[in-house]
Each structure stands twice: as C-alpha cells, then as structure tokens.
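To start, the structure under review is shown below, and the notes come after it.
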2 protein chains.
Amino acid sequence: MSKCEQCIVRKFNSLKHLSKDELVRMSACKTSKIIKKGEPLFVEGEHINGVFCIKDGICKVSKMSENGKNQIVNLVHRGDLIGERSLISDEVSNLNAVALNDLEICFIPKTEIIRDLEKNPNFTMDVLKTMANSLKNADNLIVDMAQKTVKQRLAEALLNLEEKFGTTNEGTLDIQLSREDIANIIGTATESAIRLLSNLKKKEIIVFKGKDIKIINHNELEKISHGF
Amino acid sequence: MSKCEQCIVRKFNSLKHLSKDELVRMSACKTSKIIKKGEPLFVEGEHINGVFCIKDGICKVSKMSENGKNQIVNLVHRGDLIGERSLISDEVSNLNAVALNDLEICFIPKTEIIRDLEKNPNFTMDVLKTMANSLKNADNLIVDMAQKTVKQRLAEALLNLEEKFGTTNEGTLDIQLSREDIANIIGTATESAIRLLSNLKKKEIIVFKGKDIKIINHNELEKISHGF
DNA sequence: AAAAAAAGCTGATAAATATCATATTTTATC
DNA sequence: GATAAAATATGATATTTATCAGCTTTTTTT
C-alpha cells in the first residue's frame, strides 16, 4: 500500500499542512480502494466516519430532490478531499457521491482527522479556508440557479468544465458526461439539455467528437452565459 | 459602550467559546453601530476587515446577478455572525448585506478574530461547524432553486420564515418583507411572487394582516412545497 | 392636505421549459 | 453478430414563468 508521506496528491489539499509524523500515522490507518464507474462512494443518509482523498478519477456529488431528480452540486477529482462537511458537523451525509469513471481513493478515518484538526492549527485553518471557498462557490451557484436561464447555465457549465478539467489532445473536454449528467448539473430536463446542446452545435459554438464535446467558440459561449 | 463579556448575544454564536480574557480584549477593540433600515452593512467587493455580530434586527444577505436582479441568499438576525467567510479566505466580500429593519451590530476587527482562531481551538472548531452547516444549507438551496417550481419555493420559504423568525401575537410572521424581497428570496419576478401570494390567499392558506402575512393552513403549504 | 413616489396588484401576452411520444443511434449482453 | 437495453435526438404540446402595460393603494415628501 502506498504511503501518504510519499503521495503527491496530498499536495493539492489541506493534508499538505500535516507533518511527516502525522502523515506516517495517517498512512498506518488509511485504507485504499477502487470504486468502479457508476458505483457510489457514499450515499445520502450514510454515516461516512471519515474523509476520502481522491487519488484518481472524477466523482459526481449530488443530492436527490423531492421530485426524484438528481441535482449535481459538485464534481470532485484528483487531489480533492470529500466528506469533511459531514465529519465536522458529526452528521450523516446530505449528499451522494458516485464515481463518474473508475475512482482511486484513500479513506482516512474520522478519529485521525479529528486528532489532526485538534493538534495542527495550520491544517485546521486550511480546512476552514477550503470550506469558506466552497461556501462562496455555493452562493454563486444559488444565484445562477435562481436567476439564469437554462441556456445561460449550460454555456457557463461548459466553460467551467473546460476550466476545471482541461482538454484532451483533440481539444475536447477532459471529462465524459452523459446528457443526463449535464442536465443534472444545470438543473433541467435531459431533453432540454440535449436540445440546447444541439442548438449550440448547429450554431458551431461546440462540436461533438464521438461522446466528447469540444468548445470551438469560447467567446460566443461566454456571451451566452452572460445573457446575450 | 456595552461589554462583550456581559453580552447575552454572544451565547448564540461561536463567540461563546471565548474565555473571559479574550472577551475583555475583544470589548476593547470592538465598535458598535446602528444601521438604519435599508442601509448597507457592507457591499459586494468591499474589504470587510472583520466580523459583524448582530445584536438586534434582521439583515438580508444578497448577491447581484448579471441581469441586475438581487438574489437573497440568507437572512441573518440576533446572535448571528456575518463576514467570517471573507475574513477567512482573505478576500473582498462576495455578498451584499442590507438592513431589513434598524440594525444594531458590533464590529470586531480582523486581527482580533484571527488571533482567537489561532489561539482557541474550541472557537475555531465552532466556526468550522457553523461554516459546515452553512454549506449544507447552501447545498439544499441549490437543489431547491434548480429543481423546485416557483410555487414550491414560495411555500417552502414561507414555512422557513415562520420557523426561523417565529410569529407575533397576531400569528403573523415576525419579519416584514416587501413583495420584492420575497421575490428575491425565491428567485422570481416580483409580479410572479405577488400573483402566487394572492393565489395562496384566495385558497385561504395564508391571510394578509396589513403588511404582514399569517399562515393559516400549514399542512397545505407543506404539501405545496413538496409538489402536490 | 396635496402631490409625488413607491409598492402592490391584475391582465394580456410572449418566452422558456417540462412533459410526453416516438424515432434513431449507440452500447451492452448473450 | 443478433438482440436487448440504454442513450441520444426531435417534434408536438402543455405548463410555468417573465415581461410589459396599466391601474390602485399605500407611503413619503413637500
């Protein structure tokens, strides 16, 4: 099993503030796991009892609405920690996390994280900062959801996806989402998402390469996302 | 000027974890202020440089959308702290805070809060918990905004307002919001909010007492909020 | 108290979006 | 490789919501 103190991934998150000693202890109690595409990492109502550190892959974080639709509130990937929220408030998870592709994760038990939070102020402050940042993002998303049209949200989502996950050699977004996933990100019916996507394609703002999407007119997409 | 160590309001928020000494020092550097109804406490883009503790009154926390509409993301009142987020991430505010009625607040400068965060782990953990809770609420709001109809959101908002702010002797919601405010909470046009409200009135689910709203059929409102 | 401004209300209409139906294409399974 | 299943696509229609216009009531200002 790999060792936390040698793991490059921790550099991307709050764990970078842990000392050698703390990392060695963490190594000793962490477990690694592969989650297959489509499988859940955890589900709503589950006691997580720890934190997941994503080594590889992408995980969609979502919540079921009362009318049975799945709203994706976040996409996390390599380097991200997930599960801190539930751990800190000592509650069951309010969210579902499902592997978008094969996921390589480490699980760090709650006791270990709590100990570090209590002993290492730099770590705690970084967790606090991360959470503050998530909160800002969440506020922005609330405003977008409440005030932007579906068309605007789709344009914005595509740009955000490119920024966050980058592009392949082909220039396509380096994340494979189904039409349904895209609909669940922007909060609309799958048919509506499909319609708007093919509209963007017709206007030559995006192209489809197989399953993948390539943005070819960023400027125009930007404009649409701002409501023009 | 009143003293923090004697102030009952701090019991409602993370400041309850501060020691006598810490509170005395805070008293020495805090400033008190009255913000008149309609006046801003702070605005988007402003460097807040501290935290506000609300002694009395209600403050609406909002964000401008690109199309010029104001989305209310939170209503804070007596006992709440506001401004932690910007302080922690060391950024300008991403939100506006405007007094809904006359507001009595204390301002605690950043340096003082940072010092306490560094020195008092109980305080820090409580801030972390508060933030985690805000994040959960924000996620729920995202899902509501994305998936519920305006009618559902209105019903839910009314119930939430009653739960959070309680009722007067008359049984009306103990918070005075304009129709525009209500529209800005649920993310719709003012006319739509008005229409839906008078609809609820026609169905005798709510009544208007002057400016105030009284819920008379909670059950039905609950049903509507769940989509029936 | 009169005038002006703001807030609240209602109707008509347009635009956005959901829903249902059905067809086509892609992917998985045997 | 045939078949079944899932994903994608498109049209028709219904529903929801926004916008615009005009009107009434309430609040503020003078």
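None of these values were measured; they are calculated from a predicted model.
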If each end axis of the helix from C:dA1-D:dT30 to C:dC30-D:dG1 is fitted on five C1' pair positions, the angle between them, to 10 degrees, is 50°

Here the salt bridge (charged side-chain N to carboxylate O under 4.0 Å, His left out) pairs for residues 86-99 of chain B, sequence neighbours left out, are A:Lys136-B:Glu91, B:Arg85-B:Glu91, B:Asp90-B:Lys110

Contact span of DNA chain C against chain B, any nucleotide atom under 4.0 Å from a heavy atom, 5' to 3', runs C:dA7 to C:dA12

Check: protein-nucleotides 13-15 of chain D nitrogen or oxygen pairs below 3.5 Å:
none

Here the salt bridge (charged side-chain N to carboxylate O under 4.0 Å, His left out) pairs for residues 183-209 of chain B, sequence neighbours left out, are none

In short, ring-ring contact (aromatic ring centres under 6.0 Å, His included) pairs touching residues 50-92 of chain A with sequence neighbours left out are A:Phe42-A:Phe52, A:Phe52-A:Phe107, A:His77-A:Phe165

Between CD1 of A:Ile182 and P of D:dT8 the distance, given in whole Å, is 8 Å

Residue pairs passing the ring-ring contact (aromatic ring centres under 6.0 Å, His included) test with at least one member in residues 195-228 of chain A, sequence neighbours excluded, are none

Applying salt bridge (charged side-chain N to carboxylate O under 4.0 Å, His left out) to B:Glu44 and not counting sequence neighbours gives B:Lys63

Residues passing the side-chain hydrogen bond (donor to acceptor under 3.5 Å, both in side chains) test with B:Ser65, sequence neighbours excluded, are B:Asn67

Sorted by chain and residue number, the salt bridge (charged side-chain N to carboxylate O under 4.0 Å, His left out) partners of A:Lys129 (sequence neighbours excluded) come out as none

Applied to residues 156-183 of chain B, the salt bridge (charged side-chain N to carboxylate O under 4.0 Å, His left out) test, sequence neighbours excluded, yields B:Lys60-B:Asp181, B:Lys148-B:Glu156

For nucleotides 18-30 of chain D, 5' to 3', base contacts (B), sugar-phosphate-only contacts (S) and non-contacts (-) with protein non-hydrogen atoms under 4.0 Å give BBB----------

